[in-house]
Amino acid sequence: MTSTSPDRTSTSESAAGDTTPTGTEDRNRYNPAELEPKWQKRWESDGLYRTEDHEPGKDNWYALTMFPYPSGDVHIGHWFAYTPADAHARFMRMQGYNVMHPQGFDAFGLPAENAAISRGIDPHKWTLSNMDNMRRQFKLMGASYDWSRELATCLPDYYRWNQYFFLKFFEKGIAYRKDGPANWCPKDQTTLANEQVKDGECERCGTTVVRREMPQWFFGITKYADELLEMDQIDWPEKIKLMQRNWIGRSTGVTIGFDVSEYLSDTSAGTRIETFTTRIDTVYGVTFVVLAPEHPLAAKLTQADRKTDVDAYIDNARRQSEIERTSTEREKTGVDTGAFATNPLNGEKVPVLIGDYVLASYGTGAVMGVPAHDQRDFVFATKFGLPIRVVVAPEGWNGEALTEAYVAPGTQVNSGEFNGISSVDGKEMIADKIEANGWGQRTITYHLRDWLISRQRYWGTPIPIIYCDHCGTVPVPEQDLPVILPDNVEFTPTGQSPLTLIEEFVNVPCPQCNRPSRRETDTMDTFVDSSWYHLRFTSPATLEEPFDTGRVKQWVPVHQYMGGAEHAVMHLLYARFFNKALRDLGFVEFDEPYTRLFNQGTLTKDHMKISKRANPLNPEPIVERFGTDTLRCYLMFLGPWDQGGDWSDQAINGVSRWLNRTWELSLRDTSVLPNNGDPDAERDLDRIAHSVTGRVIADMRQFKFNTTMAALMEYTNELGRVWEAGKVSSKAWAEAIERLLLHVAPLAPHIAEELWEQTGHSYSVHQQETPTWDEAKTVSDTETIVVQINGKLRDQLDLPAGVSQEQAIAAALKSEKIQRYTDGAQIIKEIFVPGRLVNIVVRPGK
RNA sequence: GCCGAAGUGGCGGAAUGGUAGACGCGAAGGUCUCAAAAACCUUUGGGCUUACGCCCGUGUGGGUUCGACUCCCACCUUCGGCACCA
C-alpha cells in the first residue's frame with residue numbers, strides 16, 4: 001500500500017549512533033525505533049490521554065486542530081500542522097489544565113467520488129480504509145489524542161444531525177430554497193464544483209462551463225452579517241479578522257430610484273430603476289444607468305428597434321461563465337436599450353444601457369453611471385461616447401477635462417443647490433434630500449451572500465426534503481432520520497450524482513399525504529459537517545441528540561483552535577454563523593465557537609510547495625531514520641510556526657544530535673559528582689535552570705516553539721559545561737536533569753518518558769507539572785554594562801548587579817578605551833539604562 | 001488594482017528602541033582512529049590592520065532619537081488573500 005522509495009533501502013545512511021561496537025553499550029544507546037512504539041503502546045493501553053469531563057481542581061482546556069480529510073496518507077504537512085499543536089496541548093496539560101485533544105475525519109467530499117469514477121472504488125469503502133490507514137499513521141506522531149472521541153462525518157450517526165439541524169433551520173426560515181447559480185457542463189450534463197472547473201473549463205472533458213440558475217438550498221448567513229462583524233469576543237489573528245471583515249464587505253450608501261415609467265408597457269417589475277451607490281455626492285454627475293443582463297427590467301425597457309441587439313447581448317452574457325464575466329482583464333461591453341431614466345435630483349434624462357460588468361447579485365443589480373468619479377464608469381463612458389461631467393472638483397480644478405476618474409473628495413460643482421460645499425458634507429445633505437422626497441433611502445449592503453449548501457453530488461449528507469406535487473416542499477419528519485445515503489451505487493462516467501438514478505431512494509411517498517413523491521437528491525456542502533464537529537467531540541457516542549448539552553457547556557467554546565489560514569473565510573465564518581444559528585435555536589448559550597485561534601504557516605521544501613509528485617517528502621522514512629521525536633522537534637525548530645518554514649534534509653541532524661546529547665547527559669553516572677556541591681557553582685546552575693524555565697513557559701504559551709527549542713539547546717550546552725567543572729552535587733545535577741526532561745516532554749514525548757523512567761522517576765512524565773521558577777534566582781551578581789560614545793559601542797564593563805547611575809558612569813569614564821574619546825572632548829550628555837548601558841554623548845573639543 | 005504579511009551571514013532563523021546575527025545547519029582547521037564514520041574542540045558577516053583596534057553592515061532613500069532590524073514617511077521586491085462590490 002504505502003510506497004517506499006527504492007533508493008532509501010540501498011543507501012547506507014545510518015541512524016544516529018547506528019554502529020555499535022559492543023553489545024553492552026547497546027543497551028544505553030538512544031534508540032527511538034525501539035522506545036517510541038513501546039511507549040505509544042503503553043500510553044494507549046493505559047488510556048493516558050483519555051479525558052474526563054471533570055478533574056478536581058483543574059480548569060478544562062479544549063485544544064482542537066482542524067480535522068483532516070481522509071485522503072489516504074498522512075503527509076508531512078499534517079505533521080507540521082498537528083505535532084506542534086500537540087506539543088502545545090501537552091504543555092497546557094502540564095500547566096495544570098484538564099486538556100481534551102480530540103481527532104477525527106472530515107470524511108465527505110469530492111476525492112472519494114473521483115476515486116469511484118476513475119477507479120470504480122466504492123466511496124464508502126475507500127474513505128473508511130483511508131481512515132484506517134491514516135489512524136495508524138497518525139499514531140506514529142505520538143500525539144496526545146483522545147481516540148475514544150474519534151468521529152467521522154460520513155457515518156450516519158454523525159450526518160443524521162446535519163439533517164436534524166437542517167430541519168430546524170428550515171422551520172426557522174434559516175434554510176430556504178431559491179434559484180442559485182451552478183457551474184454546468186453542457187457536454188457531461190452535470191453540475192460541477194468550483195474545484196472541478198479549471199480555467200473556465202470542465203476538468204473532465206474540457207468543455208466550457210456555463211452558469212446555470214437552478215433551484216438550490218441556502219442558509220441565511222447574511223442575516224447574521226452585522227453580528228459576524230463583531231469580533232471583540234474572540235482572540236484571533238488580526239489578519240483573519242480582517243479577511244472576514246472584507247469578505248462580509250459591509251458598505252453604507254444610498255439606494256436611489258430613476259424613473260423609467262414612460263418607457264414601460266409592462267410595469268410588473270416596477271417603474272423605477274433602483275440603484276445603490278456609496279457616492280451619492282456624485283449623483284448630479286450621472287450621465288447613464290447600467291443594468292445587469294439578468295435585471296428584471298432589462299428586457300422590459302428595451303425599445304422595439306433595439307430588441308435584436310439586446311436579446312443577442314443578454315443571450316451571450318448568459319452563455320459566459322462566471323469566471324469570464326468577472327475577469328478584470330476583459331474589456332467592458334454593453335448595449336443600449338433605447339430607454340431613458342430620469343435623475344430625480346435634476347430631472348435629467350439619461351440613457352439606460354445593459355452591461356455585464358454590473359453584477360445581478362450585488363446591490364440592486366443596477367448602477368448609476370458617474371464617469372467623472374468612478375474609473376469603471378469612466379472607461380465605459382469613453383468607449384460608448386457618453387458625457388463625462390465633473391461634479392466633485394479636485395482642488396484647483398479649472399474646468400479642464402479629466403484623463404481618468406477623480407475619486408477623492410472635493411468641492412461640489414454642477415450640483416444645483418449643493419454647489420460650493422465639500423463633497424463630504426454633500427454626501428449627507430444629498431442623502432437627506434433624497435429621503436425627504438421619497439426618491440430613495442440610506443442603505444447598507446454586503447458582499448457576503450447567503451450560503452449555498454446544495455451540491456449535486458453523491459458523497460455528502462442527503463438533504464432531508466421530499467417534493468410532493470400536492471403538498472409542495474415537505475421536510476422529512478424527524479423520526480424518519482437519518483436519510484441514509486445509499487450504498488453500492490453506480491457512477492456514470494460523467495460524474496452525474498448517482499442518487500438521481502436510484503429509484504428506491506428517489507421515489508418515496510409524501511410524509512403528509514402519502515402520494516408518490518420525489519426525494520431531494522442534492523447533498524450538503526461539506527462545510528456543514530465541519531461547522532459543528534467541535535460540539536460532537538464532547539459527546540461523540542450520544543445517539544439521542546446531536547451532543548450532550550451539559551458536556552458542551554463544560555468544554556465549548558473551544559479554548560484553542562489551530563489550523564491553516566486557508567480556512568479564514570469559509571470554514572471559520574460558517575462555523576461562527578452555525579454557532580449563532582444554534583444559539584438562536586436554543587442549542588448552545590455562547591456566541592462564538594472558538595475563543596482563541598492560531599494559524600500555522602505552510603511547510604515548503606526548497607521554497608516550493610510540497611507535492612506528492614513534484615516535490616515529495618514522506619514522514620515515514622524520516623521517522624524510521626531519526627524517530628518521531630526528532631521529526632516533531634525539527635518541525636518546531638525550523639522557524640516560527642505561524643510563518644511556516646522550509647524543510648532542510650541537513651538541518652534535522654542538529655535536532656537529532658541534540659536529542660542524543662539530551663539522552664547521554666541524562667544518563668551520566670552521577671556518583672562521580674561530590675555529595676556536597678560548591679555553593680557558587682550551584683547558585684550558577686540554579687540561575688541557568690530557572691531562567692530556562694522562564695523562557696520556556698513564556699515561549700510555549702505563545703507557540704514560539706523555535707525559541708523554546710533554542711533555549712533548551714542552550715540549557716543542555718550549559719549543563720555540559722557544568723558537568724565539566726564537576727563542582728555541583730549529584731543532587732543538584734539530578735534536579736537540573738529532571739527540569740530538562742519536564743521541558744522536553746511536550747516536544748519529544750517518548751524520549752522524555754524513557755529518560756524519566758531511567759532516571760528513577762515514576763510513570764508518567766506526562767502527568768507531571770511544568771517546573772516552577774523564581775525570578776529572583778535568575779539574576780546574577782554581576783552584569784555587563786555596555787559603554788557607548790555617541791551611540792557606538794566602545795567598551796564593556798562587568799559591574800556589580802544593580803549598579804547605580806553614578807557608579808556606572810564613573811566606571812565608564814575611568815576606562816582607558818573610553819578616555820580615548822573623552823579626553824579633550826566636551827561631554828554633553830550621559831545616558832544610563834539600568835542593567836544595560838551607559839551612553840556618553842561628546843562633542844569633539846578643541 | 002485593493003487588503004495583509006515579510007525582506008537580517010553561505011542557509012534556517014534570533015533580538016521589551018539599548019552589545020545585530022542567539023540557537024542550529026553548512027564550511028574550514030584540529031583531537032581520537034591504520035583509515036573512515038560518529039563524537040568532541042576551535043574558527044566562521046564583509047573590509048582594513050603585525051597588533052591594540054578601526055570602518056562598513058538588517059531590501060532602497062529620507063526622517064525622529066543620545067541610540068533604530070525595531071518607530072514615522074516614500075519607494076522596491078517576494079509571498080498570501082480578495083478582486084468589475086457600484
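Computed from a prediction, not measured in an experiment: that's the story for all the values here. Chain letters run A, B, ... following the sequence lines, proteins first and then strands; every chain starts at 1.
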- Query: So, does the side chain of A:Q788 form a donor-acceptor pair with the base of B:rG18 at under 3.5 Å?
  - Reply: yes

Describe the nucleic acid contact of [X] in one word from base, sugar-phosphate, nothing, applying a heavy-atom distance below 4.0 Å.
| X | value |
| --- | --- |
| A:V786 | base |
| A:N839 | base |
| A:L242 | sugar-phosphate |
| A:L638 | sugar-phosphate |
| A:Y821 | sugar-phosphate |
| A:R245 | nothing |

- Task: Check RNA chain B against residues 801-817 of chain A and give the residues with a non-hydrogen atom under 4.0 Å, in numerical order.
- Result: A:K817

- Atom of A:H373, atom of A:A405 and distance for their closest heavy-atom approach: C-CB, 3.9 Å

- With syn defined as a glycosidic angle within 90° of 0 and anti as everything else, classify B:rG45. anti

- Quick one: on RNA chain B, does A:G363 or A:M243 contact a more 5' nucleotide (nearest heavy atom)? A:M243

What integer distance in Å separates [X]:[atom1] from [N]:[atom2]?
| X | N | atom1 | atom2 | result |
| --- | --- | --- | --- | --- |
| A:H607 | B:rG7 | NE2 | P | 14 Å |
| A:H447 | B:rC2 | NE2 | P | 18 Å |
| A:R449 | B:rC82 | CZ | C1' | 13 Å |

- Assigned partner base of B:rC40, Watson-Crick or wobble definition, under 3.5 Å: B:rG30

Which value, in whole Å, describes the distance between the [atom1] atoms of nucleotides [N] and [M]?
| N | M | atom1 | value |
| --- | --- | --- | --- |
| B:rG80 | B:rC25 | P | 30 Å |
| B:rA27 | B:rC11 | P | 15 Å |
| B:rA36 | B:rG53 | C1' | 43 Å |
| B:rC71 | B:rC48 | P | 35 Å |

- Tell me, with the steps shown, if A:F598 and A:I240 meet side-chain contact (heavy atoms from CB on, under 4.5 Å). CA-CA 10 Å; A:F598 193 94; A:I240 303 293; over 6 Å; no

- Which of B:rC56, B:rG4, B:rC55 is nearest the side chain of A:K792? It is B:rC56

- Could you encode protein contacts along nucleotides 21-27 of chain B as a string, one character per nucleotide from 5' to 3', using B for base contact, S for sugar-phosphate-only contact and - for no contact, with a heavy-atom cut-off of under 4.0 Å? -BBSSS-

- Between the side chains of A:D795 and A:Y821, is a donor N or O closer than 3.5 angstrom to an acceptor N or O? no

- Query: Are a donor atom and an acceptor atom from the side chains of A:R449 and A:S361 found within less than 3.5 Å of each other?
  - Reply: yes

- Item | Side-chain heavy-atom pair A:P371, A:T287 within 4.5 angstrom cut-off | yes

- Message: Between the side chains of A:R250 and A:D226, is the shortest nitrogen-to-carboxylate-oxygen separation below 4.0 Å, so that they form an ion pair?
- Response: yes

